[in-house]
There are 2 protein chains.
Amino acid sequence: MKMFKIPEATVSRLSVYSRFLSKLDKKGIITISSGEIAEGVGVGAAQVRKDLAYFGEFGTRGVGYNVKDLHQHILKILGLTTSWPVVVIGAGNLGTALCLYDGFRERGFNIVAMFDVDPLKIDKEIEGITVYSMEKLGDIIKEKEVKMGVIAVPAEYAQQIADLLVKNNICAILNFAPAVIKVPEEVQLRNVDLSVNLEILTFNIVNNVKNLY
Amino acid sequence: MKMFKIPEATVSRLSVYSRFLSKLDKKGIITISSGEIAEGVGVGAAQVRKDLAYFGEFGTRGVGYNVKDLHQHILKILGLTTSWPVVVIGAGNLGTALCLYDGFRERGFNIVAMFDVDPLKIDKEIEGITVYSMEKLGDIIKEKEVKMGVIAVPAEYAQQIADLLVKNNICAILNFAPAVIKVPEEVQLRNVDLSVNLEILTFNIVNNVKNLY
DNA sequence: CCTAAATTGTTCAATTTTTCACTATTATTT
DNA sequence: AAATAATAGTGAAAAATTGAACAATTTAGG
């Protein structure tokens, strides 16, 4: 029972550290220092140590961290030691792209089904993933013990899809629709708003914001 | 010459306010209070006012904000009163999905070209957008006065694509590859890491993190 | 075996961001 | 015309986050 509140930024950095460590491990590197991790992922060394310190002591003073060992610890922290079945709602371009995105598979996410309302898409397969009608959502979530849903539908339907996912006891939603959606507080929600990201860039360009790395 | 440092979170909220105001405007709503904006986008009312206060006084005390007026101001702040030509590197699923993503067009981003190394894709059109070979990148960036590039290639090529964009004087890069890339400090860079977002969710699920809305 | 070099874990200070509480202003009602 | 209600703008407090400094620990070398 973790009692401390972990900054979300810390969690997202852990995810990045993890990917970096995975790369190092494949290269056969055995130990690494916080400074080298920091250098590799573009943050400060103190930040790296601080992030890890929330969860325990994984390094050896004077030596550094064992790559494999630290990697395993972080995967455990992130809950990535088991595979996560995921459903994607919306079999349009974005939904399809997400299904084919290797990054998900590599990190242990397993897209078990897609859903759409378009009769032309229903019951077809996209790279081995079947597109189901929305009616099947509840059954499949239950059958495959799905905890996470990805919303990739137009903004105007995002809320109703979210409601449907919630009704079917999903634990977490990753929303790609450019819409503000509301869910009960026990449901985890994250928004990936593609336009917002471009707009931060335009803001920075027109306001001549300096990057501070 | 803006002298104040604006939190990035503020900028991203402005983008969300902007979308919300656009919706209100379409509905014909004339005025709105900070409280209603806050309610609509899921933040605090003081936060809304503070965010706006960085840029000026846009409201009327006792009354609220004029929807059209405030919306225009925010678009101006974000640099969205002109259209932005954008290039997308990588004509795979993700690149294609991004090109077809309506959210970009709606917000004034205009994808003028895609690039890929696959001879099967080169010189083909994807929904009216031509896929060019990488050699053409420099010419098109210059010709169309492109300031922003989107990277949608596999992680292992992300850095070299970034270097290429930088060499061709791009101002800002939106990187979708799950890789840490380095650019000179005068180039704006944002990473949208899809896996990281899912991993924050798994972390929250396994650690039973409470949402605090 | 002792000293020096490397590097973690941790404390404390600095900074940044958010929230709260209050003041000022406008419109409305009596 | 005065009183009341609504609501923006703002300064200060609080909270969160980051960064710097340093003590503790390990390894390696003389």
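Quick note: numbers below take in every heavy atom, side chains included, and nothing from hydrogens, waters or symmetry partners.
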Residue pair A/Thr31 / A/Asn66, side-chain donor-acceptor N/O under 3.5 Å
no
Distance-only polar pair, side chains of B/Ser195 and A/Arg19, donor-acceptor under 3.5 Å:
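Looking only at side-chain atoms, A/Arg19 and B/Ser195 do not form any donor-acceptor pair under 3.5 Å.
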Spacing between [X] atom [atom1] and [N] atom [atom2], to the nearest angstrom:
X       : N      : atom1 : atom2 : answer
A/Glu57 : C/dT11 : CD    : P     : 11 Å
B/Arg49 : C/dC22 : CZ    : P     : 14 Å
A/Ile32 : C/dA6  : CD1   : P     : 17 Å
A/Gln47 : C/dT15 : CD    : P     : 16 Å
B/Ile6  : C/dT16 : CD1   : P     : 13 Å
B/Tyr54 : C/dT16 : OH    : P     : 11 Å
A/Phe55 : C/dG9  : CZ    : P     : 14 Å

Students should find this one: the first and last nucleotides of DNA chain D, 5' to 3', lying under 4.0 Å from a heavy atom of chain B. What are they?
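First and last nucleotides in contact are D/dA6 to D/dA12.
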Report yes or no: does A/Thr202 contribute a side-chain atom to a donor-acceptor pair with the main-chain N or O of B/Leu78 at less than 3.5 Å?
yes
Within the distance-only criterion (no hydrogens, no angle test), does the side chain of B/Thr10 pair as donor or acceptor with the backbone N or O of B/Ile6 below 3.5 angstrom?
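No, B/Thr10 side chain to B/Ile6 backbone: no donor-acceptor pair under 3.5 Å.
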Find out whether B/Lys147 and A/Leu201 are in side-chain contact, i.e. whether some heavy atom of one side chain is under 4.5 Å from a heavy atom of the other.
no
Would you give the length of the straight line joining atom CD1 of B/Ile161 to atom OH of B/Tyr157, rounded to the nearest 0.5 angstrom?
10.0 Å
Under 4.0 Å between a side-chain N/O of A/Ser34 and OP1 or OP2 of C/dT8, yes or no?
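Yes, A/Ser34 has a side-chain N/O under 4.0 Å of OP1/OP2 on C/dT8.
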To 10°, what angle do the rotation axes through the five end pairs on each side of the helix from C/dC1-D/dG30 to C/dT30-D/dA1 form?
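Comparing the first five pairs with the last five, the axes sit 10° apart.
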Any ion pair linking B/Arg190 and A/Glu199 (charged N to carboxylate O, less than 4.0 Å)?
no
Name all residues meeting the ring-ring contact (aromatic ring centres under 6.0 Å, His included) criterion together with B/Phe115; count only those two or more places apart in sequence or in a different chain, and write none if there are none.
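By the ring-ring contact (aromatic ring centres under 6.0 Å, His included) rule, B/Phe115 matches B/Tyr132.
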I'd like to check the side-chain contact (heavy atoms from CB on, under 4.5 Å) partners of B/Ala45; sequence neighbours left out, ordered by chain and number.
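Partners of B/Ala45 by the side-chain contact (heavy atoms from CB on, under 4.5 Å) criterion, ordered by chain and then number, come out as B/Ser34, B/Ala38, B/Arg49.
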Who pairs with A/Ile29 by side-chain contact (heavy atoms from CB on, under 4.5 Å), at least two apart in sequence or on another chain?
A/Leu24, A/Lys27, A/Val67
Go through the N and O atoms of the side chain of B/Lys50 and the base of C/dT17, and report whether any donor-acceptor pair is under 3.5 Å.
no
Residue whose nearest DNA chain D nucleotide is more 5′ - B/Ser33 or A/Gly44
B/Ser33
Proximity to DNA chain C (any heavy atom under 4.0 Å), residues of residues 58-70 of chain B only
B/Thr60, B/Arg61, B/Gly62, B/Val63
Are A/Phe20 and A/Tyr17 near enough that their ring centres are under 6.0 Å apart?
no
